[in-house]
Amino acid sequence: MSSSRRQYPFHLIEPKWQSAWEQQQAFRAFNPGETVPVGHPFGIRHGLSGKVADRKILPEKYYILDMFPYPSGAGLHVGHPEGYTATDILARYRRACGLNVLHPMGWDSFGLPAEQYAVKTGQHPRVTTEANIANFTRQIKSLGFSYDWSRELATTDVEYFKWTQWIFLKLYNSWFNPETNKAEPIETLKYPENLQTVDDQVGRVAPRAPSSPATGSDELDSARRAYRDSKRLAYNAELPVWWCSEMGTVLANEEVIDGRSEVGNFPVVRKPLRQWVLRITAYAEKLLADLDTIDWSDSLKEMQRNWIGRSEGAEVKFQISNSESEITVFTTRPDTLFGATYMVLSPEHTLVQTITTDSQKIAVRSYQNEIAGKSDRERTDANKAKTGVFTGAYAINPVNGEKIPIWIADYVLTGYGTGAIMAVPAHDTRDFEFAKKFNLPVVQVVQPTDPKKDWQGYTDDGTAVNSGFLNDLPTPEAKAKISAWLEEKGLGKKTINYKLRDWLFSRQRYWGEPFPLIWKTDAGGDLYHEALPESSLPVLPPHLDDFRPTPGDKPQPPLGRAKEWANLTDGSTRELNTMPQWAGSCWYYLRYTDAKNSTAFVGKEADNYWMASNGKAAGVDLYVGGTEHAVLHLLYARFWHKVLFDLGYVATPEPFYKLVNQGLILGETEYTQFTTEDGNLVSAALIKDISEEATPSGPRLIGAHKTTGVKVFGQRISAELVEPKSQGTVLRNNPQIEVDARSQKMSKSRGNVVNPDDVLVEYGADAFRLYEMFMGPLQDTKPWNTKGVEGVYRFLGRAWRLFVDEKSETAFEQAETTTDPSKHAELLDLILLDGGITDMDATPAQLKTLHACIKKVTEDLEGMRFNTAISAMMVFINEAMTWQTKPLPVMKTFLQLLAPFAPHIAEELWARLHSTFGLQATSLAYAPWPKYDPALLVESEIEMPVQVNGKFRDTIKVAVAADNAAIEAAAKASEKVQVFTAGKTIKKVIIVPKRMVNLIVA
RNA sequence: GCCGGUGUGGCGAAAUGGCAGACGCACAGGACUUAAAAUCCUGGGACCUUAAAACGUCGUGCGGGUUCGAGUCCCGCCACCGGCACCA
């Protein structure tokens, strides 16, 4: 491969144009108020050269965004450029269409991956991060993306995280007002009567800064402070959190998967710890409802809905027998209250100690201990048999006064609802299992609509039975009636519950944003926290020689090692935790719109122009990235954005209007042959239950013989040993034996990672870009195939040869072999344009070919169907290769279509066309997008398929203008058709104009 | 278990309800070449028949339905991928 002749000199063309674009800052986007430099192609195109780009004269904006990468040490992966190429193509297309395109790039450089890499290499995170950014920058620039690099940012830049800290202060200094249903400055918080001061009572807004001298008593002051702190959007609380002892830090719910850390795959345990938390639950309803206003895929919206987990139901109070205490439960089925035959508390429920009877104390305590020793994974395994213990206490069912036993069981979770349930075994699967195991009564209260269905364990809607005043009501009506009844009697009320938990926002790590907070001690000796003033931002992290986390079972933030930094002269101490990875990515898209602003996180004018409505849907116009951020980044960023919106800092309620997830790129196809234990080959066609098994030497496939059931083992074999046959892929030297062919996720351990650098050396950036788009629909998962790169590379070669004179290229290649490589770029001038290209009018056939291509490419770009757009250009080239003469206007227009996809080769040929014909070469990047002329696509005669009884039999040629009678006659005249109509009567003729004819015979 | 998505040649894939398989890969044959690479040309869903073809039959995961006509719409299954999961 590497020895073969280059299709075209991409190795010279690509660097040439990349530096040309960089020099003239070709892709710089202009903000309102900026001056467009004289000679900038954007200014030339829009008549703004040398002018101040006032909002009124700027063209419409288009903000197209990539999810910025973590600059990991591993470098760019082929998955990154997939999304980046798609957005780049669209950015270039929209620019050609005349829009002011914002297309930025930056680095998500704080956080665990960057830090872990630093720990591994023993260098300071700042050093490794900078080196990694440099490498990512080199790789991304070598792909020729049209980013506005003047807006580049890294979340680790001091000038950036200063504003991350500033936004945190806004969260800290705000509360969610349920009356106005939005976040407001903490100063508007109303205190309960017993905490009110004279100021509050006369209705004045308390202007006192938290540190100003107390006017009332110290106790009142600290009680007010405690109340205020409990209402902040960023609050400090002790709560059960995920602790990862390996990493020495706490993690958010979203960062824990199946009881292990998402990063590093370490075990995590639940433990109660005092931490910083963001009140994202206050926005649960808005985060859910506003999904309906944005253009995301159904699956992605569903994932967010799932994570938010809204469920409507009722809270019901149960009196405990012979006690003052009550148990409140949450249920989505209040209509089944008559069927509640027992109650269950979670083992950690606070009432358990109080209500347990003496005779049950030992059993209850030992059950609680048993549960405490279990991992969350073991606890929540739904397949596990139910366990539980009776507390000895009873509750009164409020609807029928019956005494029902109170149990504790680990199938009731502390963290959801009230941590207690009423059990209705007849109509809840879990309660039913539990009741069967412990012989608890099962009472039917719902009759299935289908009388053949068993009512036991029936969980769907039906009709109420054995339910007193609810009898005969369908489930929805029964729900409404019982809810009203409960409310009236003061026994309960309708409620909505969410699975979403508040966002655990502190980490015990070094490589993150420090909190702009300090801790003080009040007169009573209690610790309290206070925000630093905005003027003290940025809060820089201290210098540390040892920045590694502290593994173990208690949080010991590395920042605590910097004693001088941590202890302030006034006796207060700094908050030692840092913010999580996700903080920086929550608002980077806003910073891009005004990246150099030193007085605000983003200027109003910039936000209004790039993010606001433009008379249509608001926010980032298109955001492309992987699904892995479906619930983390995308939920957090929406939350921050909504807070900033409520507080009046941004103009739109949602950040990302349209979002597309690119699909995963899998590794090259892997072939596996199977043998039995004694080494006999078995055809893959005869094997069932093929699955992957981990072995010390890596994963391998295993399966079982379809008929005998004998176990078979897979061995990876190289692609050279197999060949395709009609039945499947078989062994070259033994075609009876079919092999298994499948693709796997790229991973270091599998050794199937494709490095973009290698592909670029071999085929160039344009071919690489084109291949990633040609593989299939952007959203789909698809396997990498290096042969496929060669296919599009050949296409670019054909396009090149369509334009250049072959003899001159041979001369160029020979000159290259005898010239110093540093001078090769100059040799490009040896290559001449093909003599067949002339400035003449195109033939109707040529125009038709061109305009069909314009139409298809334009429509496919609008629909993000890059693969079919590329195939349309291939069709054009295949056709144009047969032309004797090549009209200049046709050739130029084709280059415009090609430019978004393969910008380097297109620019090069564009420049050559212009200079050869003595034309002024305007930048191809800003040349107006061609429009197709429908008139040129009209045919005088068309082919129509003829069917007989719905079966295709022949095609006929008819004039476009032919009427139905003429078409029918032509169809009947066809000999091939007559074979099937002979001797039969034609009962009906269906003619779809320009489409087909169908003759129905009997 | 629940939710979302996908299922078409040897492979990646195309197809506003109207000629299934565009385009590309791989493969086979040919031209050029001392030879190879590169390039150019040609071929191809399966089956039946055949020297080759024509004709014919079948064909978009499976079973039904709607329709003159279904890969596409509807109903019921199956498989795979992704997410959630003892969430009351």
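Chain A is the first sequence line, chain B the second, and so forth, proteins listed ahead of strands; every chain is numbered from 1. Not measured: the values here are computed from a predicted model.
Between T781(A) and R333(A), it is T781(A) whose nearest contact on RNA chain B lies nearer the 5' terminus. Comparing V792(A) and D780(A), the nucleotide of RNA chain B nearest to each residue sits closer to the 5' end for D780(A).
For the OP1/OP2 pair of G10(B) and a distance below 4.0 Å, the side-chain nitrogens and oxygens of R732(A) include no atom meeting the criterion. Between N785(A) and A26(B) there is no side-chain polar atom (N or O) within less than 4.0 angstrom of OP1 or OP2. Between R953(A) and C19(B) there is no side-chain polar atom (N or O) within less than 4.0 angstrom of OP1 or OP2. The phosphate of G10(B) (OP1 or OP2) has no side-chain N or O of K787(A) nearer than 4.0 angstrom. Contact annotation: R794(A) reaches the phosphate of C25(B) (side-chain N/O to OP1 or OP2, under 4.0 Å).
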Between N or O atoms, less than 3.5 Å apart, protein on one side and nucleotides 64-72 of chain B on the other: list the pairs.
{"residue": "C68(B)", "atom": "O2'", "partner": "N998(A)", "partner atom": "ND2", "Å": "3.3"}
{"residue": "C68(B)", "atom": "O2", "partner": "N998(A)", "partner atom": "ND2", "Å": "2.4"}

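Atom-to-atom distance recorded for L664(A):CG and T627(A):OG1 is 7.5 Å, nearest 0.5 angstrom.
A donor-acceptor contact under 3.5 angstrom links the side chains of Y498(A) and E285(A), judged on distance only.
With hydrogens and angles ignored, a donor-acceptor pair closer than 3.5 Å exists between the side chain of K386(A) and the base of C86(B).
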*side-chain hydrogen bond (donor to acceptor under 3.5 Å, both in side chains) between T281(A) and D502(A): does it pass, once the steps are laid out?*
CA-CA 6 Å; T281(A) 50; D502(A) 276 338; 2.6 Å; yes
